[in-house]
**Student:** 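Got a structure here, written out as structure tokens. Questions coming.
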Amino acid sequence: YKFVVKIVGDSMMGKTQLRVRFIENKYDSHYIPTIFDYARKNELLIHNNVVNLLLIDTPGKDLFYHYVSELIAKIKTDVNILCCSPAEVR
């Protein structure tokens, strides 16, 4: 199985840390804005099935989003993960 996973949401919601934690099993408390990044997690074993993932980390909408928004919109994904804060009401 192959899946493309896009992580989207506002800035400073932990999108990059979610990807880093899953791929590298580590956490970095320093905030560095993401412009666009992707990482592969190959041969993840789920219920005796090999699953290949491509995780796409997108920028928060208030930072660099306008530079890469067309590219992000064109990426065909199997799964979208939305990261947001329930504390922020707009």
Side-chain angles (χ1 to χ4, degrees):
Y1 298 101
K2 284 185 177 180
F3 294 99
V4 177
V5 179
K6 185 169 30 175
I7 306 169
V8 298
D10 289 333
S11 295
M12 299 178 69
M13 290 293 117
K15 299 178 298 293
T16 299
Q17 291 305 321
L18 180 67
R19 179 186 56 80
V20 169
R21 178 76 171 144
F22 184 74
I23 298 294
E24 301 174 23
N25 197 27
K26 68 178 187 177
Y27 178 80
D28 184 2
S29 62
H30 295 86
Y31 175 70
I32 300 172
T34 301
I35 295 175
F36 185 82
D37 199 6
Y38 70 91
R40 294 185 185 274
K41 177 76 172 184
N42 290 321
E43 300 201 5
L44 179 66
L45 191 62
I46 300 176
H47 298 292
N48 294 323
N49 294 303
V50 175
V51 177
N52 291 302
L53 296 178
L54 174 62
L55 299 176
I56 300 169
D57 185 5
T58 62
K61 291 193 176 197
D62 54 340
L63 288 175
F64 304 107
Y65 190 80
H66 61 279
Y67 293 113
V68 294
S69 60
E70 286 187 37
L71 173 64
I72 292 168
K74 291 179 183 179
I75 297 171
K76 296 186 188 233
T77 59
D78 299 298
V79 177
N80 291 300
I81 298 174
L82 175 62
C83 297
C84 60
S85 171
E88 290 188 26
V89 178
R90 294 182 188 185

**Student:** So if I apply the side chain to side chain contact (heavy atoms under 4.5 Å, CB included) rule between V8 and each of I81, T77, T58, which one comes out positive?
**Tutor:** T58

**Student:** Between Q17 and D28, is there a donor-acceptor pair closer than 3.5 Å when you use the side chain of the first and the backbone of the second?
**Tutor:** yes

**Student:** For K26, give me all partners under salt bridge (charged side-chain N to carboxylate O under 4.0 Å, His left out), at least two apart in sequence or on another chain.
**Tutor:** E24

**Student:** State the CG-CZ distance between N52 and F3, to the nearest 0.5 angstrom.
**Tutor:** 10.0 Å

**Student:** Over all heavy atoms of both residues, which pair between C83 and I7 is shortest? Give the atoms and the distance, please.
**Tutor:** SG-CG2, 3.8 Å

**Student:** Using the side-chain contact (heavy atoms from CB on, under 4.5 Å) criterion, which residues pair with I46? Sequence neighbours excluded.
**Tutor:** L44, V51

**Student:** Could you give the distance from CG (L55) to CG (L18), rounded to the nearest 0.5 Å?
**Tutor:** 8.0 Å

**Student:** Report the residues that fulfil side-chain hydrogen bond (donor to acceptor under 3.5 Å, both in side chains) with D78, sequence neighbours left out, ordered by chain and then residue number.
**Tutor:** none

**Student:** Group every Ile, Leu, Val, Met, Phe, Trp and Tyr by side-chain heavy-atom contacts under 4.5 Å, then state whether I23 and V20 land in the same group.
**Tutor:** no

**Student:** Quick check for you: to the nearest 0.5 Å, what is the distance between K6 atom NZ and L82 atom CG?
**Tutor:** 11.5 Å

**Student:** Who are the side-chain hydrogen bond (donor to acceptor under 3.5 Å, both in side chains) partners of N49, not counting sequence neighbours?
**Tutor:** none

